[in-house]
Engineer: 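Here it is, the structure in full.
From a predicted model like this one, the values you see are computed outputs, not experimental measurements. Residue numbers run from 1 in the order of the sequence given. Any value given below was found using the heavy atoms of this structure, including those in side chains, with hydrogens, waters and symmetry copies removed.
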Amino acid sequence: MPGNFKTEAVVLRSIRYGEADRIVHLYSATRGRIGAIAKGSRRPKSRFGGRLEPFFRLDLVLYEGRGDLFTVTGASTVEGHGALRSNGAALGSAGRACDAVLRLLDSGEPNRAAYNLLCSYLGLLDADPEAASAPGAALAFRLKLALAAGFSPELASCASCGEADHLAAFSGSAGGVVCASCEGGGFPFSEEAHRFMVDALARPLSEAPSASERSLRQAERAIGETVEHHGHIRLRPATAPA
C-alpha cells in the first residue's frame, strides 16, 4: 500500500537527475535494495544538504507510491564518514565495496548480515583508512559479502569428490577447492590462498588476515569465478591497480 515508512540505509550511488533532483541507490536495513528520488535535493537551500552522497549512513523517511522509485521525504545522518572522504585510498575502497553490494544484492528483501557488514567496513575505512584499504581487508569484505549473498565456496574438502587432503586447485564451476585428482578445469590454488580465505571468513572484519600478493590474486579470482559461474555476476577488481 502507498505511504511513508522509515528505514536506515547506506547511500551506494547518487546520480544527478533533471535540473535539481537526485536519484539515489540505497541499501537498507529493513528493505534491501531501494531506488529513490530526492526532489529538489540539489538546490542550494535543500533540506537534505549533502547527506545524499555515497557512503552516508542515514535515517530516512521514504514515500512508497505506485512507481518503481520511492521518494525521499526526510533524511538525518547516522554516520557521515568524514575521515573516509578525506583519504583517496579509502574513497576508492568504499566505492568498490558499494559497487559489489549493487551487483551482488539486487533484491528488495532485507539482508541484515549484508547491511551490517557494509556498515562495519565503511566504519573501519573511516576509523583507520590506510589499514582498512589494504588488499587483505578489501578481499575479506568481498568474501564475507559473497557469503551473505548466498555464494559460499567449499573450502573444507574437495568440491567435486569430498577428499579432504591434497587440495591443489580452485574450480569456480565446482564451487570451491578441488583435489589433485579433480583439478581439471580449475586453477592452481596455493595453501596460503586457501588459508587466507578460511581465516577471512572466521575472523571479524577488523582482524582481516594478510597474505602475499600472489595468494591474494588467487583468492580474488576464486571469489570472482564463484559468483560469476553460479550467479552470472561479474565483479570489478577488489583493489586499485598497482
Engineer: Report yes or no: does Asn111 contribute a side-chain atom to a donor-acceptor pair with the main-chain N or O of Ala148 at less than 3.5 Å?
Structural biologist: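 Such a contact is found between Asn111 side chain and Ala148 backbone.
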
Engineer: Apply the hydrophobic cluster definition, ILVMFWY joined by side-chain contacts under 4.5 Å directly or through others, and give me every member besides Leu205.
Structural biologist: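 Members alongside Leu205: Val10, Leu12, Tyr27, Phe55, Leu84, Leu91, Val101, Leu102, Leu104, Leu105, Tyr115, Leu117, Leu118, Tyr121, Leu122, Leu124, Leu125, Phe141, Leu145, Phe151, Val227, Ile233, Leu235.
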
Engineer: Decide yes or no on side chain to side chain donor-acceptor pair (under 3.5 Å) for Arg31 and Thr7, but give the supporting numbers first.
Structural biologist: CA-CA 8 Å; Arg31 300 287 290 260; Thr7 189; over 6 Å; no

Engineer: About how many Å separate CD of Glu64 and OG1 of Thr71, when rounded to the nearest 0.5 Å?
Structural biologist: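 Interatomic distance, Thr71 OG1 to Glu64 CD, rounded to 0.5 Å: 10.5 Å.
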
Engineer: Count I, L, V, M, F, W, Y as connected when their side-chain heavy atoms are under 4.5 Å apart, and connections chain through other members. Are Leu26 and Leu69 then in the same cluster?
Structural biologist: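 Result: no, two separate clusters.
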
Engineer: Which atom pair, heavy atoms only, marks the closest approach of Ala140 to Ala208?
Structural biologist: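 So the two residues come closest at CB-CB, 3.8 Å.
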
Engineer: Working to the nearest 0.5 Å, report the span between CZ of Arg236 and CZ of Arg96.
Structural biologist: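 Arg236 atom CZ to Arg96 atom CZ measures 7.0 Å (nearest 0.5 Å).
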
Engineer: Donor-acceptor check, side chain of Ser133 to backbone of Glu130, threshold 3.5 angstrom: yes or no?
Structural biologist: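 Between the backbone of Glu130 and the side chain of Ser133 there is no qualifying donor-acceptor contact (under 3.5 Å).
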
Engineer: Do His230 side-chain atoms and Gly172 backbone N/O form a donor-acceptor pair below 3.5 Å?
Structural biologist: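 Flag set: sc His230 to bb Gly172 pair under 3.5 Å.
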
Engineer: Does NZ or CZ of Arg221 fall inside the cone over Phe170's six-membered ring, less than 6.0 Å from its centre and within 45° of the axis?
Structural biologist: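 Judged by the rule (NZ or CZ under 6.0 Å from the ring centre, within 45° of its axis), Arg221 is not positioned above Phe170.
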
Engineer: To the closest 0.5 Å, what do you measure between NZ (Lys45) and CZ (Arg43)?
Structural biologist: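 Spacing of NZ (Lys45) from CZ (Arg43) equals 12.5 Å.
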
Engineer: Just to verify, what does Asp99 make a side chain to side chain donor-acceptor pair (under 3.5 Å) with, not counting sequence neighbours?
Structural biologist: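 Only Arg103 meet the side chain to side chain donor-acceptor pair (under 3.5 Å) criterion with Asp99.
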
Engineer: Does any N or O in the side chain of Glu163 come within less than 3.5 Å of the main-chain N or O of Asp165, such that one atom is a donor and the other an acceptor?
Structural biologist: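 Confirmed, Glu163 side chain pairs with Asp165 backbone.
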
Engineer: Is it the case that one hydrophobic cluster holds both Leu143 and Val198, taking links as side-chain heavy atoms less than 4.5 Å apart, direct or via other members?
Structural biologist: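 Same cluster: Leu143 reaches Val198 through Ile, Leu, Val, Met, Phe, Trp or Tyr contacts under 4.5 Å.
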
Engineer: With a 3.5 Å distance limit and no angle check, can you tell me whether Ser215 reaches the backbone of Ala211 through a side-chain donor-acceptor pair?
Structural biologist: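 Answer holds: no.
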
Engineer: Apply side chain to side chain donor-acceptor pair (under 3.5 Å) to residues Ser171 and Glu183 and explain how you reach the verdict.
Structural biologist: CA-CA 7 Å; Ser171 169; Glu183 65 177 316; over 6 Å; no

Engineer: If we ignore hydrogens and angles and just use 3.5 Å, is the side chain of Glu220 paired with the main-chain N or O of Ala238 as donor and acceptor?
Structural biologist: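 Confirmed, Glu220 side chain pairs with Ala238 backbone.
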
Engineer: I want to check something: taking the side chain as every heavy atom from C-beta on, are Ser181 and Cys161 in contact at a cut-off of under 4.5 Å?
Structural biologist: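 A side-chain contact under 4.5 Å is absent here.
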
Engineer: For Glu192 and Ser212, what are the C-alpha separation, side-chain angles and deciding distance, and is it a side chain to side chain donor-acceptor pair (under 3.5 Å)?
Structural biologist: CA-CA 8 Å; Glu192 184 186 23; Ser212 67; 2.8 Å; yes

Engineer: Check whether Thr73 reaches the backbone of Val61 with its side chain - one donor and one acceptor, N or O, closer than 3.5 Å.
Structural biologist: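 Between the backbone of Val61 and the side chain of Thr73 there is a qualifying donor-acceptor contact (under 3.5 Å).
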
Engineer: Passes side-chain contact (heavy atoms from CB on, under 4.5 Å), Lys39 versus Tyr17? Steps please.
Structural biologist: CA-CA 9 Å; Lys39 296 179 179 179; Tyr17 183 76; over 6 Å; no

Engineer: Look up atom OG in Ser190 and atom CG in Leu167, then write down how far apart they are to the nearest 0.5 Å.
Structural biologist: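 Output value for this atom pair is 12.0 Å.
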
Engineer: Answer yes or no: is there a side-chain heavy-atom contact under 4.5 Å between Arg22 and Ile15?
Structural biologist: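 Not in contact.
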
Engineer: Given the rule that I, L, V, M, F, W and Y join up when any side-chain heavy atoms are under 4.5 Å apart, are Ile23 and Phe48 in one cluster?
Structural biologist: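 Different hydrophobic clusters.
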
Engineer: Among the clusters formed by ILVMFWY side chains lying less than 4.5 Å apart, do Val177 and Leu147 turn up in the same one?
Structural biologist: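 Per the 4.5 Å side-chain linkage, Val177 and Leu147 are co-clustered.
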
Engineer: Ignoring hydrogens and geometry, is there a side-chain-to-backbone donor-acceptor pair from Asn87 to Pro129 under 3.5 Å?
Structural biologist: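 No; judged by distance alone, with no hydrogens or angles, the pair does not exist.
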
Engineer: Does Arg47 CZ have over 12 foreign heavy atoms under 6.0 Å away?
Structural biologist: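 Counting other residues, nucleotides and ligands, CZ of Arg47 exceeds 12 neighbours.
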
Engineer: Please go through Tyr63's hydrophobic cluster and name the other residues, only I, L, V, M, F, W, Y counting, with side-chain heavy atoms under 4.5 Å joining them.
Structural biologist: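 None; Tyr63 is a cluster of one.
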
Engineer: Count I, L, V, M, F, W, Y as connected when their side-chain heavy atoms are under 4.5 Å apart, and connections chain through other members. Are Val78 and Leu58 then in the same cluster?
Structural biologist: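 Different hydrophobic clusters.
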
Engineer: Hey, could you give me the CZ/CG distance between Arg13 and Leu52, rounded to the nearest 0.5 Å?
Structural biologist: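 That separation rounds to 15.5 Å.
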
Engineer: Does Lys144 use its side chain to pair, donor to acceptor, with the backbone of Ala200 at less than 3.5 Å?
Structural biologist: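 Looks like yes, one N/O pair under 3.5 Å.
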
Engineer: Roughly how far apart are Glu53 CD and Arg85 CZ, rounded to 0.5 Å?
Structural biologist: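 That separation rounds to 7.0 Å.
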
Engineer: Consider side-chain contact (heavy atoms from CB on, under 4.5 Å). Of Ile34, Val24, Ile37, which one does Phe70 pass it with?
Structural biologist: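 The residue from Ile34, Val24, Ile37 that satisfies side-chain contact (heavy atoms from CB on, under 4.5 Å) with Phe70 turns out to be Ile34.
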
Engineer: Between Thr77 (side chain only) and Gly80 (backbone N and O only), is there a donor and an acceptor less than 3.5 Å apart?
Structural biologist: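 Looks like no, no N/O pair under 3.5 Å.
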
Engineer: Counting C-beta onward and ignoring hydrogens, is there a side-chain heavy-atom pair between Arg33 and Ser107 closer than 4.5 Å?
Structural biologist: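 The answer is no, as the side chains (C-beta and beyond) never meet within the 4.5 Å cut-off.
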
